[in-house]
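What you see below is based on every heavy atom in this structure, not just the backbone, and it leaves out hydrogens, waters and symmetry mates.
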Amino acid sequence: MKYVGIFTMMVVLGFVSAFTGATLWGWFVVPLGMAQISYVHAYGLGIVGSFVLGMRGINGKKPMGETLAEGFLVSAACLLFGFGAHIFM
């Protein structure tokens, strides 16, 4: 049962990260002339990044609630600071 929870948390945080990545891409990369990416593309880029940089974060040692909250807070902070920079562009 523990592994089902970890897998579910990885999928949820993956989609939260994909939303964050696609949004930030739209704010900062599209104005430079690149094409907009979808959430699926952002999810795939996240998987490639995890492969290249090594898996981190979800290892089952911290409580699942703490890991989930940390993932949401990091994404929210990225969106907040990104939006702050975006409005001054």
Side-chain angles (χ1 to χ4, degrees):
M1 191 67 179
K2 175 182 175 181
Y3 295 109
V4 172
I6 290 174
F7 178 76
T8 303
M9 186 171 42
M10 287 172 59
V11 170
V12 168
L13 289 178
F15 283 114
V16 169
S17 297
F19 172 78
T20 302
T23 302
L24 292 173
W25 184 280
W27 286 345
F28 300 113
V29 180
V30 171
L32 299 175
M34 298 291 288
Q36 178 69 36
I37 62 171
S38 68
Y39 298 122
V40 176
H41 286 109
Y43 188 77
L45 287 173
I47 291 171
V48 170
S50 293
F51 175 74
V52 171
L53 299 174
M55 297 299 290
R56 61 186 182 354
I58 301 175
N59 56 15
K61 294 180 183 175
K62 286 196 282 188
M64 281 191 272
E66 183 179 324
T67 303
L68 197 60
E70 183 179 302
F72 277 107
L73 288 175
V74 167
S75 290
C78 288
L79 285 173
L80 178 68
F81 288 111
F83 181 74
H86 174 70
I87 60 173
F88 289 109
M89 291 175 53

Mind listing the closest non-hydrogen atom pair of [X] and [Y] along with its distance?
X: Leu13; Y: Gly71; value: CD2-CA, 3.7 Å
X: Ala42; Y: Gly21; value: CB-C, 4.4 Å
X: Gly26; Y: Pro31; value: O-CD, 3.6 Å

Qualifying side-chain hydrogen bond (donor to acceptor under 3.5 Å, both in side chains) pairs with a residue from residues 79-88, counting only residues at least two apart or across chains:
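Sorted pair list comes back empty.
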Restricting to pairs with a member in residues 24-39, which pass side-chain hydrogen bond (donor to acceptor under 3.5 Å, both in side chains), not counting sequence neighbours?
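Of all non-adjacent pairs touching residues 24-39, those that pass side-chain hydrogen bond (donor to acceptor under 3.5 Å, both in side chains) are Ser38-His41.
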List in chain and number order the residues that pass ring-ring contact (aromatic ring centres under 6.0 Å, His included) with Phe15, two or more places apart in sequence or in another chain; answer none if no residue qualifies.
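ring-ring contact (aromatic ring centres under 6.0 Å, His included) list for Phe15, sorted by chain: Tyr43.
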Is any side-chain heavy atom of Val29 less than 4.5 Å from a side-chain heavy atom of Ile37?
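Val29 does not reach Ile37 side chain to side chain.
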Please check if the number of heavy atoms outside Phe7 that lie under 6.0 Å from its CZ is greater than 12.
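Not buried by this count: 12 neighbours or fewer within 6.0 Å.
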Hydrophobic cluster membership, with links at side-chain heavy-atom distances under 4.5 Å among I/L/V/M/F/W/Y: are [X] and [Y] in one?
X: Leu24; Y: Phe83; answer: yes
X: Val30; Y: Ile87; answer: no
X: Ile47; Y: Met10; answer: no

Value rounded to 0.5 Å, distance of CG in Leu73 from CG in Leu80:
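One gets 11.5 Å once the value is rounded to the nearest 0.5 Å.
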Who else is in the cluster with Leu32 when I, L, V, M, F, W and Y are joined by side-chain contacts under 4.5 Å?
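Taking Ile, Leu, Val, Met, Phe, Trp and Tyr as members, Leu32 stands alone, with no cluster partners.
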Nonpolar side-chain network containing Val40, other nodes, edges under 4.5 Å
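Val40 shares its hydrophobic cluster with no other residue.
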Which residues share a side chain to side chain contact (heavy atoms under 4.5 Å, CB included) with Ser17, sequence neighbours left out:
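Only Ser75 meet the side chain to side chain contact (heavy atoms under 4.5 Å, CB included) criterion with Ser17.
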